[in-house]
Amino acid sequence: MSLLDQLNPQQREAVENTEGPLLILAGAGSGKTRVITYRIAYLVEYRGVPPENVLAVTFTNKAADEMRSRVERLVRLPGLAQPWISTFHSFCVRVLRRDGERIGLPRDFSIYDEDDQLRVVKACLRQLGLTKRELQARAVLSRISHAKNHGRKPEDFYLSATDPMSERIAQVYDLYEKELRKAHAVDFDDLLLFAVRLLQENADVALRYNERYPYILVDEYQDTNRAQYELVRLLTQTQQNLCVVGDEDQSIYSWRGADIRNIVEFEKDYPQARIIRLEQNYRSTQSILDAASAVVANNRYRKGKTLWTARQGGPKVGSYEAFDGENESLFVADWLARRQEPDERAAILYRTNAQSRLYEESLRRYGLKYNVVGAISFYERAEVKDLLAYLKAALNLADSVSLLRILNSPPRGIGETTAQKIEEIALEANLSFWDALGQALEHKLLPARTLAAIQAFRELMEDLHGMAAEGSVSAILKKVLENTRYIESLEEEGTPEAEGRIENIQELLNAAADSYERSETLSQFLDHAALVSDADNYDENARITLMTLHSAKGLEFPVVFLVGMEEGLLPHSRSLMDPQALEEERRLCYVGMTRAQNVLILTRALARRHYASQMEEGSRASRFLREVPPALLEDLSERRGVRQEQQGERHYEYEPVEDEEAARVTSVENAQRFFGMPGARPEPRIRKPLTGAGLAPGNRVKHPKFGYGTVLRSEGKGEETKLTISFPGFGMKKLMAKYADLERV
DNA sequence: GATTTACGCCTTTTT
DNA sequence: GGCGTAAATC
């Protein structure tokens with residue numbers, strides 16, 4: 001029984017209780033994933049449950065992948081049968097692709113991501129004659145999504161509207177839904193909602209899935225929204241071998257409709273439920289756990305629990321007060337440069353993605369390698385999205401958002417005005433965008449020149465549509481590239497950016513080839529792209545990882561920096577007015593702190609630049625920072641960051657200062673000094689711009705974007721020097737020396 | 001009519 | 001600092 005021997009009594013109980021509903025309240029670092037994976041292994045190995053009868057649902061692809069590989073390591077799965085481990089969303093897609101027709105969903109529906117959704121909303125606003133000043137597409141979309149997630153239809157929305165603005169939004173919402181249906185498209189919310197409706201309205205289908213999955217596990221149950229909750233209910237009608245795992249203190253997705261009630265009222269929903277608490281934390285030292293617990297204890301809306309750890313002591317939680325954001329990021333980079341052990345992974349966690357840039361710059365200055373999770377993922381690159389739009393439209397000609405996107409990219413003489421005309425035609429005759437194009441051709445509604453371009457475009461799309469039925473993804477992509485001379489026009493640009501785009505296209509072709517290897521259909525390829533798109537570029541081996549607090553959930557790191565601990569940033573300004581939202585911010589802080597195993601350092605800046613404006617604004621320390629008992633904190637601020645001047649040139653060293661007197665400068669004095677002397681921020685090294693003269697093959701250089709590289713070739717001279725440089729990780733780049741902002745190293 | 005430039009606006013978090 | 005929309009120019 002080696003499997004069970006690796007678990008503590010509570011974990012073991014959670015694994016062995018395979019029959020009936022089970023709620024596992026798992027504190028941070030208590031071995032939650034371990035329990036789920038062992039439970040799956042146990043079901044298969046000791047209870048003889050066929051793997052394909054197990055369904056495990058997680059929130060993110062990252063978590064699903066992690067779980068899959070851990071299960072694979074644990075059990076040798078017989079034959080091809082696999083437990084189905086996926087996110088809610090991919091589960092729903094699969095169900096809908098198979099059975100969606102039962103609720104009138106076209107087989108080849110497109111999935112609209114947030115960008116597509118925004119385009120639809122904007123089109124709706126335009127249609128209703130609303131300008132951006134009156135309603136902001138983003139805000140409208142979030143209201144719509146909120147309504148959808150709470151089961152409110154446009155009519156309900158309209159009826160409960162108490163102000164003119166909401167009434168207008170209800171109108172947009174109504175139109176938005178109609179446009180999606182017209183485009184044979186569903187958004188992320190629909191994926192869940194339609195799956196629920198399918199199972200509600202078709203008892204036979206529901207029964208089939210119930211029988212297929214007698215064992216169901218749900219991770220991060222505190223983050224499930226209403227639709228996800230319904231879905232789970234619908235899947236557990238004939239059996240209730242349902243195991244949900246969650247932690248109220250880590251609920252951080254209420255803005256997406258997550259409802260803690262799902263976890264709090266589990267016993268009501270499943271009266272036979274057993275509850276098991278996992279309260280031993282295996283991850284963090286006592287100091288870290290105490291600090292985190294002290295913070296989250298300030299939340300009123302919580303039942304409360306006490307985590308304990310056997311890892312007594314540990315260094316105090318560090319805190320650092322910087323003059324400004326730049327100094328804060330340099331402190332972090334500096335710490336990592338001199339203190340990080342070779343095999344000690346570190347994470348820099350922040351509230352908003354926008355904060356990452358400072359850290360990227362500082363880490364690059366110190367020559368430290370890092371990995372940013374989130375930000376712009378591969379599938380979100382413009383050129384990749386363009387090509388995916390070709391594929392989506394090829395499969396589903398009704399997909400007007402995709403059609404509109406590719407209509408003139410690359411430029412083929414169908415400009416803005418033409419697109420608007422077509423939209424008008426579509427609107428007047430209530431046609432899809434595709435049919436409106438046909439209409440324009442048929443009745444010669446546009447100048448001959450434009451009609452010819454449209455004719456060519458329609459022919460291309462018809463060809464692609466024909467290929468979509470059976471042709472491989474690669475074949476379609478190649479045809480698109482050939483026909484549009486996409487790559488050629490990029491080559492003509494000759495800029496490094498264009499080269500990067502070509503590389504991305506190459507990468508997409510590789511992905512298509514891989515997909516072919518897995519014998520996927522076009523629609524499976526697109527589903528994958530739509531659902532995996534996001535922050536799945538987490539590299540568990542990266543020495544330094546940068547990511548938001550949200551994406552850090554479920555991960556752990558020996559060293560954690562929690563940065564930007566300021567009012568307005570960590571309790572985010574948008575949440576300051578709302579007590580519930582504030583508590584969520586506090587949980588977010590808790591999630592961040594509990595990622596740390598050995599070292600946790602909290603940093604803040606006394607002044608910060610917003611939107612890269614000239615002016616820096618002063619800030620107040622985060623209330624969460626003040627909620628950490630002072631006895632658990634060690635202030636790291638006082639010993640660092642004092643400037644020195646050298647040879648008339650501004651040159652600032654960033655090193656610990658031996659001088660006792662200088663070392664005693666308090667943060668306040670630092671701040672005064674800073675405000676009194678503009679430019680007196682510590683910078684590790686001043687860059688000397690290079691004109692290219694004097695750079696020869698073999699020289700090492702540093703580029704602000706690509707990092708370190710080696711000069712391979714130098715052409716021309718003086719101002720006109722062109723350099724070919726190889727940047728590890730970015731490939732070969734041709735750069736004009738005078739623009740490239742290179743630094744010789 | 002299309003491309004270029006100026007301006008203004010913003011930004012939470014994610015499947 | 002980066003984007004998209006609105007004005008300015010070719």
Side-chain angles (χ1 to χ4, degrees), chain A residues 57-64 86-93 111-115 117-119 122 125-126 131-133 136-139 141-142 145 149 186-193 220 223-225 227-228 251-258 325 349-358 360-361 373-377 379-380 382 408 411-421 446-447 449-450 527-536 547-553 564 568-576 578 581 584-585 587-589 591-592 609-614 704:
Chain A
V57 203
T58 64
F59 236 69
T60 63
N61 296 297
K62 195 167 61 196
S86 81
T87 64
F88 271 105
H89 291 266
S90 16
F91 175 81
C92 291
V93 168
I111 300 171
Y112 278 5
D113 65 13
E114 197 185 344
D115 183 60
Q117 295 184 65
L118 274 173
R119 283 163 190 263
K122 280 176 190 162
L125 290 173
R126 241 179 295 143
T131 61
K132 188 185 155 199
R133 299 170 57 92
Q136 234 175 283
R138 253 203 137 65
L141 180 59
S142 95
S145 173
N149 280 321
V186 300
D187 62 22
F188 282 135
D189 299 328
D190 287 331
L191 289 175
L192 303 169
L193 296 171
E220 308 284 11
D223 284 331
T224 49
N225 66 20
Q228 288 159 334
S251 158
I252 54 177
Y253 283 102
S254 73
W255 51 276
R256 228 174 62 194
L349 307 181
Y350 35 77
R351 174 70 237 261
T352 67
N353 274 309
Q355 288 168 265
S356 73
R357 200 179 41 83
L358 277 173
E360 293 189 57
E361 280 168 12
V373 176
I376 6 101
S377 78
Y379 287 103
E380 281 166 319
N408 203 31
R412 52 164 69 84
I414 311 179
E416 191 64 28
T417 29
T418 309
Q420 268 176 28
K421 285 236 175 67
L446 293 160
R449 209 186 141 85
T450 315
D527 288 348
H528 180 80
L531 295 171
V532 172
S533 60
D534 160 75
D536 294 315
M547 63 179 135
T548 63
L549 288 164
H550 282 89
S551 21
K553 194 167 69 158
L569 212 49
L570 189 35
H572 193 271
S573 51
R574 298 237 175 180
S575 63
L576 294 177
D578 175 0
E584 180 147 318
E585 296 289 308
R587 291 193 291 270
L588 207 42
C589 181
V591 166
R609 200 184 299 278
H610 295 285
Y611 317 121
S613 73
Q614 300 301 313

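In what follows, chains are A, B, ... by sequence order, proteins preceding strands, each numbered from 1.
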Rounded to whole Å, how long is the line connecting atom [atom1] of [X] with atom [atom2] of [N]?
{"X": "A/L118", "N": "B/dT14", "atom1": "CG", "atom2": "P", "value": "15 Å"}
{"X": "A/D187", "N": "B/dT14", "atom1": "CG", "atom2": "C1'", "value": "14 Å"}
{"X": "A/H610", "N": "B/dC9", "atom1": "NE2", "atom2": "C1'", "value": "16 Å"}
{"X": "A/L570", "N": "B/dT13", "atom1": "CG", "atom2": "P", "value": "13 Å"}

Selection from [options] that lies nearest to any side-chain heavy atom of [X]:
{"X": "A/K122", "options": "C/dG1, C/dT5, B/dT13", "value": "C/dT5"}
{"X": "A/R138", "options": "B/dT11, C/dG4, B/dT14", "value": "B/dT11"}
{"X": "A/T352", "options": "C/dG1, B/dT11, B/dT13", "value": "B/dT13"}
{"X": "A/T548", "options": "C/dG4, C/dG1, B/dT13", "value": "B/dT13"}

Q: For A/I111, check side-chain contact (heavy atoms from CB on, under 4.5 Å) against everything at least two apart and list the hits.
A: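 Scan of A/I111 (side-chain contact (heavy atoms from CB on, under 4.5 Å), adjacent residues dropped) gives A/V93, A/R97, A/F109, A/V186, A/F188, A/L191, A/D527, A/A530.
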[X]: which residues meet the salt bridge (charged side-chain N to carboxylate O under 4.0 Å, His left out) condition with it, sequence neighbours left out?
{"X": "A/D189", "value": "none"}
{"X": "A/E585", "value": "A/R351"}
{"X": "A/R357", "value": "A/E361"}
{"X": "A/D578", "value": "none"}

Below 3.5 Å is the cut-off: list the nitrogen or oxygen pairs between protein and nucleotides 1-5 of chain B, distance only.
from  : atom 1 : to     : atom 2 : distance (Å)
B/dA2 : OP2    : A/T417 : OG1    : 3.0

Q) Within the structure, does a side-chain N or O atom of A/S551 lie under 4.0 Å from either OP1 or OP2 of B/dT14? A)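 Yes, because at least one side-chain N or O of A/S551 sits under 4.0 Å from OP1 or OP2 of B/dT14.
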Q) For B/dT13, does OP1 or OP2 lie under 4.0 Å from any side-chain N or O of A/N353? A)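 For B/dT13, OP1 or OP2 has a side-chain N or O of A/N353 closer than 4.0 Å.
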Q. Can you check whether A/Y253 stacks with the B/dT13 base, using ring centres under 5.5 Å and planes within 30°?
A. no
Q) Base, sugar-phosphate, or nothing: which does A/F59 touch, judged by heavy atoms less than 4.0 Å apart? A)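 A/F59: backbone/sugar contact only, no base atoms under 4.0 Å.
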